[in-house]
Protein chains: 2
Amino acid sequence: MAKEMLRQGGRSARIQEAVHRSVRDLLATTDRSEMTVPMIAEKSGVTPSTIYRRWGDLSDLLADVALARMRPIADPDDTGAMASDLEAFVVDYAEEMSSSVGRQMISDVLNSSVEASAFQCCQFTQQHLQTLRDRALARGEAAFDIDRIMDRVIAPIMYHILFRDRDVAPDYCRGLVAECLSDNG
Amino acid sequence: MAKEMLRQGGRSARIQEAVHRSVRDLLATTDRSEMTVPMIAEKSGVTPSTIYRRWGDLSDLLADVALARMRPIADPDDTGAMASDLEAFVVDYAEEMSSSVGRQMISDVLNSSVEASAFQCCQFTQQHLQTLRDRALARGEAAFDIDRIMDRVIAPIMYHILFRDRDVAPDYCRGLVAECLSDNG
DNA sequence: TCCCTTAACGCAAATTATTAGCGTTAGGGA
DNA sequence: TCCCTAACGCTAATAATTTGCGTTAAGGGA
């Protein structure tokens, strides 16, 4: 979306920043169903037509903001061993994603008409897993298969968050990790 | 949504049927992003305000229609054995859900502001699994754990459909089932 | 069967969101 | 520094949504 802009600096960037900030602020206080483009525009000090032209519609704007928030900034904690690294990461992931803002971000990303958004979102997760995997290999530990973790650990957590059919409590997450690592796939 | 109506018969039911039909027809020919309430209203022979008042907004209407389409009508095929029953069901499930209309239905249900919609949707899946489980028990076969199938088979399939990070081809689905049944959980 | 109550509807006016045209501003390369 | 034009602001259409109010028709009770 805002990635392949022809002009990246100056005014354009300032507006993007202002709009993103406004969206984040509004998401914290306002229910998504009562958020409107004119509302965001006013808070950002731009005209609505600017937002419509640049992002298309509210869904795409929200997806853009959500994806920006999900983009990795720091590596997962290094706990000293692969199993505990993985456990810590997954528990954190579940907690963040199942929170109110986390849910909102996921839903925004999945609703984007930009087909690549959802894919990129799961790439971020895989990137983190790759970091943990590299770290394990560097330690001389047995590596794990990323796709396997996605299927056995991440997918069920995401499913329960989306369909609201159970809590993704730390114990449950740890169980998923343990079971996945113990089964010799 | 349309479940706890105070009046269930006559005109009200006719309108619900007409609106549902219109939505289904439109979904087949029109892209969701260009579907509007007035459009549906005209096709159904009702005024837009009727739809707004009854369903709230387009998202909730679409979720209502999607949920109605997902509601089980027939039991899964009986193939004679638990493993093949499960395999057949899962492959079918993946094919239906990953289709264009399937994706649309999932997304509509997940977007509903009615919190229970998503939960009910996954209840439908569990109902089918329960049928297969009962059938297995009646045959004297070893039963499977429904939650386990949800986590190990359904969840990954759903994840890949939603995040578009891989195809849920029959072979992949069969692999998930096989691996889940072979690991003694 | 025939009222009576009121949920659900239709219509239309008011409000609000979205789109489109056109002139203006300000990146960024020559 | 100048020029080109992407990106913006403003405003006038257009379209969607909300709201008030009168009307229709379920569904229960006499």
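Letters A, B, ... are given to chains in the order of the sequence lines, protein chains preceding strands, and every chain is numbered from 1. On a predicted model such as this, the values are computed, not experimentally measured, just so you know. Only heavy atoms go into these numbers, but all of them, side chains included; no hydrogens, no water, no symmetry mates.
- As a whole-Å value, the separation of B/Arg11 CZ from C/dA8 P is 10 Å.
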Can you check nucleotides 19-22 of chain D for protein contacts, nitrogen or oxygen pairs under 3.5 Å, and list what you find?
| residue | atom | partner | partner atom | Å |
| --- | --- | --- | --- | --- |
| D/dG20 | O6 | B/Arg53 | NH2 | 3.0 |

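- Between the P atom of D/dA15 and the CD atom of B/Glu42 lies a distance of 13 Å, rounded to the nearest Å.
- At a non-hydrogen distance threshold of 4.0 Å, nothing from residues 27-38 of chain B comes into contact with DNA chain C.
- Proximity of a side-chain donor or acceptor of A/Thr30 to a complementary backbone N or O of A/Leu27 within less than 3.5 Å is not detected.
- D/dT18 atom P lies 7 Å from atom CG of B/Asp57, rounded to whole Å.
- In terms of modelled atom types and a separation under 3.5 Å, the side chain of A/Asp60 and the main chain of A/Ser113 share a donor-acceptor contact.
- A salt bridge links B/Arg152 with A/Asp183; the closest basic N to acidic carboxylate O contact falls under 4.0 Å.
- For the pair A/Thr131 (side chain) and A/Gln127 (backbone), a donor-acceptor distance under 3.5 Å is present.
- In this structure, A/Asp60 atom CG and C/dT19 atom P are separated by 11 Å, rounded to whole Å.
- Across every non-hydrogen atom of B/Phe163 and A/Ala118, the tightest pair is CD2-O, 3.4 Å.
- Atom pair B/Ile51:CD1 and C/dA8:C1' shows a separation of 14 Å (rounding to whole Å applied).
- When the side-chain nitrogen and oxygen atoms of B/Thr50 are compared with OP1 and OP2 of C/dC9, none of them lie within a distance under 4.0 Å.
- Classification of the A/Trp55-A/His20 ring pair by plane angle, with boundaries at 30° and 60°, yields tilted.
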With a 3.5 Å cut-off and sequence neighbours excluded, list the donor-acceptor pairs that the side chains of residues 84-98 of chain A form with protein atoms.
| residue | atom | partner | partner atom | Å |
| --- | --- | --- | --- | --- |
| A/Ser84 | OG | A/Thr79 | OG1 | 2.6 |
| A/Ser84 | OG | A/Ala81 | O | 3.1 |
| A/Asp85 | OD1 | A/Thr79 | N | 2.6 |
| A/Asp85 | OD1 | A/Thr79 | OG1 | 2.6 |
| A/Asp85 | OD2 | A/Arg135 | NH1 | 3.0 |
| A/Asp85 | OD2 | A/Arg139 | NH2 | 3.1 |
| A/Ser98 | OG | A/Ala94 | O | 2.7 |
| A/Ser98 | OG | A/Glu95 | O | 3.3 |

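- Distance CG (B/Leu58) to P (D/dA16): 11 Å, rounded to an integer number of Å.
- Regarding contacts with the backbone of D/dA7, every side-chain N or O of A/Arg14 stays at 4.0 angstrom or more from both OP1 and OP2.
- In this structure, CH2 of A/Trp55 is placed 15 Å from P of C/dT19, rounded to the nearest angstrom.
- Side-chain contact check for A/Ile15 versus A/Ser44: every heavy-atom pair is 4.5 Å or farther apart.
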